[in-house]
Amino acid sequence: MSNLLAYKNYNGTVEYSKEDGCLFGKVTGIKSLLSYEGDSVRELEKDFQNVIDEYLRDCEEKGIEPEQPYKGTFNVRISPELHRIVAVYAMEHGKSLNAVVEEAIGNMVG
């Protein structure tokens, strides 16, 4: 079960403020701070969707490209020994390092 909201390829967190008695969250995976809140899950989801729609509308009005949370590239830091092992594995199997890492991640979450 996921505690993330999803809408138009954007995801957002779901958190609870005990002192305020409300749900709140922020859109993940982008630099822009887009936050939302609600007194119920339904209100939270609606405000989340409204924030995304407003963000996309603002970007269109300003003629700028909206940030995309998942571009398909990211940096991973691993130990030099693991890097060597994976690189050798890739060469032995006639694959690129990226292909091996993508396959491994796919096997883990797929």
Side-chain angles (χ1 to χ4, degrees):
M1 180 182 292
S2 173
N3 286 335
L4 291 177
L5 299 175
Y7 181 65
K8 294 185 177 180
N9 292 323
Y10 291 88
N11 292 102
T13 61
V14 176
E15 299 184 52
Y16 172 68
S17 172
K18 187 174 183 176
E19 63 187 40
D20 296 327
C22 73
L23 299 167
F24 68 96
K26 67 179 183 174
V27 176
T28 61
I30 62 175
K31 292 178 184 175
S32 297
L33 177 59
L34 304 178
S35 60
Y36 43 90
E37 62 181 49
D39 291 328
S40 68
V41 172
R42 189 172 304 247
E43 282 183 21
L44 184 74
E45 288 177 329
K46 185 174 181 173
D47 198 35
F48 168 68
Q49 292 174 358
N50 287 339
V51 163
I52 297 295
D53 288 339
E54 287 175 23
Y55 171 69
L56 295 174
R57 200 169 27 256
D58 286 347
C59 287
E60 185 177 342
E61 288 173 5
K62 294 176 182 173
I64 59 174
E65 193 69 28
E67 291 179 67
Q68 295 302 312
Y70 306 105
K71 298 177 185 90
T73 62
F74 61 96
N75 294 325
V76 178
R77 289 179 183 82
I78 59 175
S79 71
E81 180 61 16
L82 182 56
H83 189 170
R84 183 189 67 76
I85 291 168
V86 173
V88 169
Y89 177 91
M91 286 186 280
E92 289 176 341
H93 291 85
K95 297 179 179 183
S96 70
L97 186 58
N98 281 338
V100 170
V101 171
E102 182 176 1
E103 183 179 325
I105 292 170
N107 287 336
M108 188 176 103
V109 299

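Positions are given from 1, in the same order as the sequence printed here. All values below were derived from every heavy atom in this structure, side-chain atoms included, with hydrogens, water molecules and symmetry-related copies excluded.
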**OP:** Using the salt bridge (Lys or Arg N to Asp or Glu O under 4.0 Å) rule, collect all pairs that involve residues 44-56, keeping only residues at least two apart or in two chains.
**Re:**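 The answer is K8-D53.
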Subject >> Of all pairs that satisfy salt bridge (Lys or Arg N to Asp or Glu O under 4.0 Å), the ones with a partner from residues 75-87, not counting sequence neighbours >> reply: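 Sorted pair list: E81-R84.
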Original post:
In the single-linkage hydrophobic clustering (I, L, V, M, F, W, Y; side-chain heavy atoms under 4.5 Å), do V51 and L33 co-cluster?
Top reply: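 Per the 4.5 Å side-chain linkage, V51 and L33 are not co-clustered.
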Subject >> Same apolar cluster (I L V M F W Y, side chains within < 4.5 Å links), F74/V27 >> reply: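 Cluster IDs for F74 and V27 differ.
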**OP:** Sort and list the pairs that fulfil side-chain hydrogen bond (donor to acceptor under 3.5 Å, both in side chains) and have at least one residue in residues 22-36, not counting sequence neighbours.
**Re:**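 Output for this query lists S32-E67.
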Original post:
Are more than 12 heavy atoms from other residues, nucleotides or ligands located less than 6.0 Å from atom CD of E43?
Top reply: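 More than 12 heavy atoms, drawn from other residues, nucleotides or ligands, come within 6.0 Å of this atom.
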Original post:
How many angstroms lie between CD in E15 and CG in L44, if you round to the nearest 0.5 Å?
Top reply: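 Going from the CD atom of E15 to the CG atom of L44 covers 10.0 Å.
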Original post:
In Å, rounded to the nearest 0.5 Å, how long is the span from CD1 of I52 to CG of L56?
Top reply: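 Separation between the atoms: 6.5 Å.
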Quick one: list whatever passes salt bridge (charged side-chain N to carboxylate O under 4.0 Å, His left out) with [X], sequence neighbours left out.
| X | result |
| --- | --- |
| E92 | none |
| K71 | none |
| R57 | none |
| D39 | none |

Subject >> Exercise: identify the closest heavy-atom pair between A6 and N11 >> reply: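 For A6 and N11, the tightest heavy-atom pair comes out as CB-ND2, 3.6 Å.
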**OP:** Write down the atom of N9, the atom of P69, and the distance for their closest heavy-atom approach.
**Re:**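 Nearest pair, atom of N9 first, then P69: O-CG, 3.2 Å.
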Original post:
Can you name the residues that form a side chain to side chain donor-acceptor pair (under 3.5 Å) with D20, not counting sequence neighbours?
Top reply: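 Residues passing side chain to side chain donor-acceptor pair (under 3.5 Å) with D20: S17.
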**OP:** Among Ile, Leu, Val, Met, Phe, Trp and Tyr joined by side-chain contacts under 4.5 Å, find the other residues sharing a cluster with V88 and list them by chain and number.
**Re:**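 When side chains under 4.5 Å apart are linked, the cluster holding V88 also contains M91.
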**OP:** List the steps, then state whether side-chain contact (heavy atoms from CB on, under 4.5 Å) holds for F24 with V14.
**Re:** CA-CA 6 Å; F24 68 96; V14 176; over 6 Å; no
**OP:** State which residues pass ring-ring contact (aromatic ring centres under 6.0 Å, His included) with Y89; sequence neighbours excluded, sorted by chain then number.
**Re:**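 Testing Y89 for ring-ring contact (aromatic ring centres under 6.0 Å, His included), a comparison that skips the adjacent residues, returns H93.
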Original post:
With sequence neighbours left out, what residues match Y10 under ring-ring contact (aromatic ring centres under 6.0 Å, His included)?
Top reply: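 Listed in chain order: nothing, the list is empty.
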Give the table of side-chain donor-acceptor pairs shorter than 3.5 Å for residues 97-110, with sequence neighbours excluded, one pair per line with atom names and distance.
{"from": "E103", "atom 1": "OE1", "to": "K95", "atom 2": "NZ", "distance (Å)": "2.6"}
{"from": "N107", "atom 1": "ND2", "to": "E103", "atom 2": "O", "distance (Å)": "3.3"}

Original post:
Within a strict 4.5 Å, meaning less than it, do heavy atoms of the V41 and L23 side chains meet?
Top reply: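 Result yes, sub-4.5 Å side-chain heavy-atom pair found.
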